[in-house]
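Small disclaimer: the values here were computed from a predicted structure and weren't measured. So that the names make sense, note that chain A is the first sequence line, chain B the second, and so on, each numbered from 1.
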There are 2 protein chains.
Amino acid sequence: MTRSSFADVDCGVAQAVEQLGDKWTVVILRSAFHGIRRFDEFSEHLGIAAKVLADRLAKLVDAGILYKQKVEDDGRAVEYKLTQKGLDTYPMIIFLNDWAERWLGNSKGPRIEVVERKTGRPIRPVHVLAENGKVLSAYDTFMRNGPSGSEVLNRSQRIVARRRGNDLR
Amino acid sequence: MTRSSFADVDCGVAQAVEQLGDKWTVVILRSAFHGIRRFDEFSEHLGIAAKVLADRLAKLVDAGILYKQKVEDDGRAVEYKLTQKGLDTYPMIIFLNDWAERWLGNSKGPRIEVVERKTGRPIRPVHVLAENGKVLSAYDTFMRNGPSGSEVLNRSQRIVARRRGNDLR
DNA sequence: CTATTTTACTTTCTTTAAGAAAGTTACATG
DNA sequence: CATGTAACTTTCTTAAAGAAAGTAAAATAG
């Protein structure tokens, strides 16, 4: 991708995408959740070009998603670990895995099972839930401006209204 | 991004990223959830180069995430709409919005509120949940091979074991 | 019924980033 | 003290992004 910064776009999704919306970034995070920490480990696990890996790790550190920690008893080594902000991307990783198994999976069942450590039981699929816990589809919700408003939402509403046919379908 | 196909990588996240892991793709989906449907609407809403938009829409249609529908009473117009596979990406969009508000937001509160259509009440944040509905962090879970196994998971486990220090922290 | 607009792209050209391979630096190990 | 290792950086080529202009078919205006 070439110079398309969403950093100033007045929309949460755009801003999140600015920090997370790159193929390598997402698989780097996945590897981090698998316990991968070091430059050469990411390199081996992902088969990524060193230049690109260095670039992405630096961006993730800049964004506060990973932090860099010197390894006690080896003056050369550093480890890249997930910050709280990084750990908080876990639902996205789990969701992508769920979605892929549902829509791109083979018939032999899931490749990976994510289980609760304490009980060894599978977790729930990641869903959008109502206040009362019921699963919601996109049709069951709508978006409105919150306290700080979104010009992006306003503009989409104007565009859609111009054409009419305001449902998603 | 240049020629890095994850299509053959034996990992759900990688395969999902192959179809969804591009900045423009994600904001196109967001706009679709806002009701945007036509080429020029996406173009206006996103400020994306026409070439790139045409490319991404074609890929989304190929992937079965959008479908193309001729408009009844205008022989020129087509509309791009979300398939079920596309509608199923909704948790990702909501998650990205949540995550951005938490980690990149201003102090004035959220830009957008997503509410249940039926009740007008806000939805829950997107989380990873245990079977019993409790919110789980990455630390509370682990991943193991499922019925069809993942070489990617095996390799990461081997890499991590070689170094030891098997926790995420 | 001809001229202008509109819709949905496509083409061309330049700039930027990805990818492969080799090189570098500081520290560690035999 | 020579070799190895960890974490990059440099160099070079190729592919994709972005800007701008162009095109074809259908619709609308006068």
Side-chain angles (χ1 to χ4, degrees), chain A residues 1-9 17-18 21-28 31-32 36-62 66-81 159-160 162-165, chain B residues 1-9 17-18 21-28 31-32 36-62 66-81 159-160 162-165:
Chain A
M1 182 158 300
T2 341
R3 183 186 40 132
S4 69
S5 175
F6 297 166
D8 299 330
V9 178
V17 157
E18 186 62 28
D22 170 87
K23 295 188 178 195
W24 285 121
T25 298
V26 179
V27 294
I28 287 170
S31 296
I36 300 288
R37 291 182 187 173
R38 298 206 184 172
F39 193 96
D40 288 358
E41 293 175 354
F42 284 110
S43 178
E44 177 186 349
H45 194 231
L46 301 171
I48 185 176
K51 190 177 72 159
V52 180
L53 178 57
D55 175 81
R56 293 303 186 282
L57 289 173
K59 281 180 180 157
L60 285 165
V61 170
D62 276 358
L66 299 177
Y67 65 99
K68 217 168 160 174
Q69 193 171 51
K70 288 189 178 165
V71 173
E72 283 247 338
D73 43 2
D74 188 337
R76 299 163 301 178
V78 292
E79 293 188 345
Y80 293 91
K81 299 187 184 180
I159 291 171
V160 171
R162 211 159 64 199
R163 163 172 46 77
R164 198 143 21 273
Chain B
M1 181 159 298
T2 341
R3 182 188 41 130
S4 69
S5 173
F6 297 167
D8 299 329
V9 177
V17 157
E18 186 62 27
D22 170 86
K23 294 189 179 196
W24 285 121
T25 298
V26 179
V27 293
I28 286 171
S31 295
I36 301 288
R37 293 182 185 171
R38 298 205 184 173
F39 193 95
D40 288 359
E41 293 175 355
F42 284 110
S43 177
E44 178 188 348
H45 195 230
L46 301 171
I48 185 176
K51 189 176 73 159
V52 179
L53 178 57
D55 175 81
R56 293 303 186 282
L57 289 173
K59 281 180 180 159
L60 285 165
V61 171
D62 275 358
L66 299 177
Y67 66 100
K68 218 170 160 173
Q69 193 172 51
K70 287 188 178 165
V71 172
E72 284 246 339
D73 44 1
D74 188 335
R76 300 163 299 179
V78 290
E79 294 188 346
Y80 293 92
K81 299 187 183 181
I159 291 170
V160 170
R162 211 158 64 198
R163 164 171 45 80
R164 198 140 26 269

So among R37(A), K68(A), K70(A), Q69(A), which one has a side chain to side chain donor-acceptor pair (under 3.5 Å) with E79(A)?
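Only match with E79(A) under side chain to side chain donor-acceptor pair (under 3.5 Å): R37(A).
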I need a per-nucleotide contact map over nucleotides 3-8 of chain D, read 5' to 3'. Cutoff is protein heavy atoms under 4.0 Å; write B for the base, S for backbone only, - otherwise.
-BBSBB
When the distance from [atom1] of [X] to [atom2] of [N] is rounded to whole Å, what number comes out?
X       : N       : atom1 : atom2 : value
R56(B)  : dA8(C)  : CZ    : C1'   : 18 Å
R163(A) : dT6(C)  : CZ    : P     : 17 Å
R37(B)  : dC9(C)  : CZ    : P     : 16 Å
L53(B)  : dA16(D) : CG    : P     : 18 Å
D22(B)  : dA16(D) : CG    : P     : 12 Å
I48(B)  : dG18(D) : CD1   : C1'   : 10 Å

Does D55(A) pair with K51(A) as a salt bridge, N-O distance under 4.0 Å?
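Here D55(A) does not pair with K51(A) in a salt bridge, since their nearest N and O are not under 4.0 Å apart.
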If you compare every side-chain N and O of W24(B) against the phosphate oxygens of dA17(D) (OP1, OP2), does one of them come in below 4.0 Å?
no
Once rounded to the nearest 0.5 Å, what's the spacing between atom CZ of F42(A) and atom CG of L53(A)?
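The distance works out to 7.5 Å.
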Between V52(A) and D73(A), who's closer to the 5' end of DNA chain C by nearest nucleotide?
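Nearer the 5' end of the strand: V52(A).
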